[in-house]
Amino acid sequence: MHQISQVAAIAAIAISATDAFVTNTNTCIKTLPTTRANNAINNNFATRSSRRIIMPIATTTQLYAAEDDDAQDNEIERLKKMAAKLRAEAASLEADKAKQLAEAAEKAFNKFDVNSDGEISLSELKIGLEKELKTDISEKRVQELMEVFDKSGDGALQLDEFVTVDRFRNQLESLAREEKRLAAEAEQESKRQEQEALLAAAKLEFLNDKEPTTSDKLVSVLPYLFPLMDGLQYGRFLLGSEEAGANPLVVIVALLYSLYRSIPFSGFAAFFALNFLSGNPSLNRLVRFNMQQAIFLDIALFFPSLLIGLGTLIGGNIPGLNVPAAAGELFSDVIFGTLLLTLGYCVVSSLFGKEPSSIPLVSDSVKDRMPTIDMFDDNGQFVPRESRESKDKDDKDKK
């Protein structure tokens with residue numbers, strides 16, 4: 001460093017002296033007459049002076065760069081030594097802490113080990129913790145602690161499994177927090193299930209899917225009078241005999257039929273009335289089901305009459321083809337007998353409080369039209385099947 005300063009000072013003195021010398025020389029040159037010899041002398045002198053100035057400056061810059069590199073290397077080395085020292089100190093502190101914890105655990109172990117058998121039993125752990133923590137601890141909680149720290153699974157704590165009282169305290173607090181969390185979740189789940197049960201009960205109340213009462217059973221039979229009245233046309237051969245005319249039941253049916261026919265558009269009125277009432281959820285499900293099924297049975301009666309009409313038309317237009325009257329009579333008797341058996345099944349089943357849902361094709365169609373619990377949305381609002389299907393179709397089209 002001292003040598004660099006000396007070199008810099010010498011360079012500065014040299015520059016100053018050279019500048020002065022060059023200035024004086026130039027002044028002198030101006031007073032002398034200009035000749036080729038003088039110009040050569042001046043150029044030679046300027047070149048030598050420039051070399052004398054440039055060489056000391058370059059040497060000084062190199063010296064400063066070398067000094068900066070040495071300083072950086074020394075700083076890095078110092079930081080490395082400091083980091084190693086800090087790591088050593090941290091490791092020493094950790095070792096001291098571990099030693100202190102081990103000593104504390106051993107001290108607590110000896111205090112808990114009442115019978116000095118080298119292990120802490122469940123009862124010893126309970127007594128020791130209650131004494132140290134000054135609180136009562138349940139057998140269940142002590143058992144949970146034992147399960148956490150008993151790594152060997154022998155039901156007791158050895159010295160290498162035993163921890164400090166603070167760790168036992170922290171674990172107890174953790175177990176208490178976990179128990180509270182589980183209790184809160186259980187309470188929320190219980191409330192959720194209670195709300196779902198109330199919502200399901202409200203849905204059932206809205207749909208009136210409860211067990212039918214005696215009056216519901218009796219009312220549920222009445223809708224089947226509608227297909228019976230429209231089906232009596234097929235029983236004219238059976239009911240028109242003298243033996244059938246003496247039957248009181250046949251007389252009652254004949255009176256009902258006369259009353260039914262005396263009402264203008266009685267068939268349409270009965271159809272719309274049953275269709276409207278079957279959508280009333282305040283009525284018991286059995287009543288609504290039988291209303292819908294009576295409508296479907298009445299619609300089914302249209303097909304036999306269509307066949308009879310086609311048979312009459314074909315027989316009248318094809319020469320030589322004569323349909324025996326007995327065939328038509330037999331066909332009508334079969335249709336009427338089938339209708340009576342079907343209605344009898346529906347009446348008996350309804351009087352016992354069971355849905356007559358075993359009629360092929362017809363009962364399945366009725367079930368599809370009956371409102372069910374799955375027709376309610378997440379908010380408990382009832383959404384009719386038609387609206388739900390329309391919404392599902394719209395969602396599908398959007399996708």
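Please read these numbers as outputs of a predicted model, since none were measured by experiment.
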Q: Taking the side chain as every heavy atom from C-beta outward, state whether Phe331 and Leu307 have any pair of such atoms under 4.5 Å apart.
A: yes

Q) So Val253 and Leu232, side chain to side chain contact (heavy atoms under 4.5 Å, CB included) or not? Walk me through it. A) CA-CA 9 Å; Val253 171; Leu232 286 176; 3.7 Å; yes

(Q) If hydrophobic clusters are built from ILVMFWY residues whose side chains come within less than 4.5 Å, do Val114 and Ile127 share one? (A) no

(Q) Using a 6.0 Å cut-off, check whether atom CD of Glu211 has over 12 heavy atoms from anything other than its own residue. (A) no

Q: Ignoring hydrogens and angles, tell me if any N or O in the side chain of Asp216 forms a donor-acceptor pair with the backbone of Thr213 under 3.5 Å.
A: yes

Q) Restricting to pairs with a member in residues 339-371, which pass ring pair (Phe, Tyr, Trp, His ring centres under 6.0 Å), not counting sequence neighbours? A) none

Q) Can you list every pair that meets ring pair (Phe, Tyr, Trp, His ring centres under 6.0 Å) and has a residue in residues 138-182, with sequence neighbours left out? A) Phe109-Phe162, Phe112-Phe162, Phe149-Phe168, Phe162-Phe168

Q. Is it true that a side-chain atom of Glu144 and a backbone atom of Leu175 form a donor plus acceptor pair closer than 3.5 Å?
A. no

Q.
Is it the case that the side chains of Gln193 and Glu189 hold a donor-acceptor pair, with the cut-off being a distance below 3.5 Å and no angle test?
A. yes

Q: Could you tell me which non-hydrogen atom of Ser305 sits nearest to which non-hydrogen atom of Tyr234, and how far apart they are?
A: N-OH, 2.8 Å

(Q) So which atom in Lys217 and which in Pro212 form the shortest heavy-atom distance, rounded to 0.1 Å? (A) CE-O, 3.7 Å

Q) Does a salt bridge link Glu194 with Lys191, judged by any charged N lying under 4.0 Å from a carboxylate O? A) no

Q: Could you walk me through whether Leu283 and Met291 pass side chain to side chain contact (heavy atoms under 4.5 Å, CB included), step by step?
A: CA-CA 11 Å; Leu283 297 176; Met291 286 180 176; 4.1 Å; yes

(Q) Just verifying a value: how many Å separate Leu238 CG and Asp333 CG, rounded to the nearest 0.5 Å? (A) 4.0 Å

Q. Looking at Pro356 and Cys346, what are the two nearest heavy atoms and their distance?
A. CB-CA, 3.7 Å

Q | Test: Asp209 and Arg288 ion pair at under 4.0 Å | A | yes

Q. Is the side chain of Asn284 donor-acceptor paired with the backbone N or O of Lys210 at a distance under 3.5 Å, no angle test?
A. yes

**Q.** Side-chain heavy atoms of Leu297 within contact of Leu343, under 4.5 Å
**A.** yes

Q) Does a sphere of radius 6.0 Å around CD in Glu94 hold more than 12 heavy atoms from other residues, nucleotides or ligands, not counting ones at 6.0 Å or beyond? A) no

Q) Once you round to the nearest 0.5 Å, how far does CD1 of Ile359 lie from OG of Ser349? A) 9.0 Å

Q. Between Asp150 (side chain) and Leu157 (backbone), is there a donor-acceptor pair under 3.5 Å?
A. no

Q.
Between Leu340 and Leu351, is there shared hydrophobic-cluster membership here, with clusters defined by ILVMFWY side-chain heavy atoms closer than 4.5 Å?
A. no

(Q) Regarding Ser365 and Asp368, do their side chains bring together a donor and an acceptor under 3.5 Å, going by distance alone? (A) no

Q.
Does Leu79, at its CG atom, have more than 12 non-hydrogen atoms belonging to other residues, nucleotides or ligands within less than 6.0 Å?
A. yes

Q: Check whether any side-chain heavy atom of Gln292 sits under 4.5 Å from a side-chain heavy atom of Asn275, and report yes or no.
A: yes

Q.
Using a strict threshold of under 4.0 Å (side-chain N to carboxylate O), is an ion pair present between Lys80 and Glu77?
A. no

Q. Between the side chain of Ser266 and the main-chain N/O of Tyr260, is any donor-acceptor distance below 3.5 Å?
A. yes

Q) With the threshold set at 4.0 Å, does a side-chain nitrogen-carboxylate oxygen contact exist between Arg285 and Glu355? A) yes

Q: Is it possible for you to say whether Val250 and Phe336 belong to one hydrophobic cluster, with membership spreading through side-chain heavy-atom contacts below 4.5 Å?
A: yes

Q) Hey, does Leu145 have a side-chain heavy atom less than 4.5 Å from the side chain of Leu129? A) yes

(Q) Tell me whether Ser92 contacts the main-chain N or O of Ala88 through its side chain, where contact means a donor paired with an acceptor under 3.5 Å. (A) no

(Q) I'd like to know if Ile335 and Leu330 are part of one continuous hydrophobic network [Ile/Leu/Val/Met/Phe/Trp/Tyr, side-chain heavy atoms within less than 4.5 Å]. (A) no

Q. Of the non-hydrogen atoms in Gly231 and Leu339, which two are nearest, and what is the gap between them?
A. CA-CD2, 3.6 Å

Q) Do Asp166 and Arg169 sit within salt-bridge range, that is, some charged N less than 4.0 Å from a carboxylate O? A) yes

(Q) For Glu187, is there any backbone N or O sitting under 3.5 Å from a side-chain donor or acceptor partner on Ser190? (A) no

Q: With the side chain counted from C-beta on, respond yes when Glu196 and Arg192 share a heavy-atom pair under 4.5 Å apart, and no when they do not.
A: yes

Q) Is there any ring pair (Phe, Tyr, Trp, His ring centres under 6.0 Å) pair reaching into residues 268-292, and which pairs are they, with sequence neighbours excluded? A) none

Q) What's the spacing between Leu93 CG and Leu86 CG if we round to 0.5 Å? A) 10.5 Å

Q: Take Thr135 and Glu130, measure what side chain to side chain contact (heavy atoms under 4.5 Å, CB included) needs, and give me the verdict at the end.
A: CA-CA 5 Å; Thr135 184; Glu130 288 180 343; 6.0 Å; no

Q. Just wondering, do Leu256 and Leu228 contact through their side chains at under 4.5 Å, heavy atoms?
A. no

Q. Taking atom CG of Leu122 and atom CE of Met146, what is their separation to the nearest 0.5 Å?
A. 5.0 Å

Q) So which heavy atom on Gln293 is nearest to which on Val366, and how close? A) CA-CG2, 3.6 Å

Q | Side-chain heavy atoms of Lys111 within contact of Glu132, under 4.5 Å | A | yes

Q.
Tell me whether Phe296 shares a hydrophobic cluster with Leu277, the cluster being built from Ile, Leu, Val, Met, Phe, Trp, Tyr side chains joined at under 4.5 Å.
A. yes

Q: Determine, stepwise, if the pair Met82 / Lys85 fulfils side chain to side chain contact (heavy atoms under 4.5 Å, CB included).
A: CA-CA 5 Å; Met82 185 180 294; Lys85 183 180 179 181; 5.6 Å; no

Q.
Please give me the minimum heavy-atom distance between Ser152 and Gln158, naming the atom from each residue.
A. OG-OE1, 3.7 Å

Q: Without swapping roles, check the side chain of Asp113 against the backbone of Gly118 for a donor-acceptor pair under 3.5 Å.
A: yes

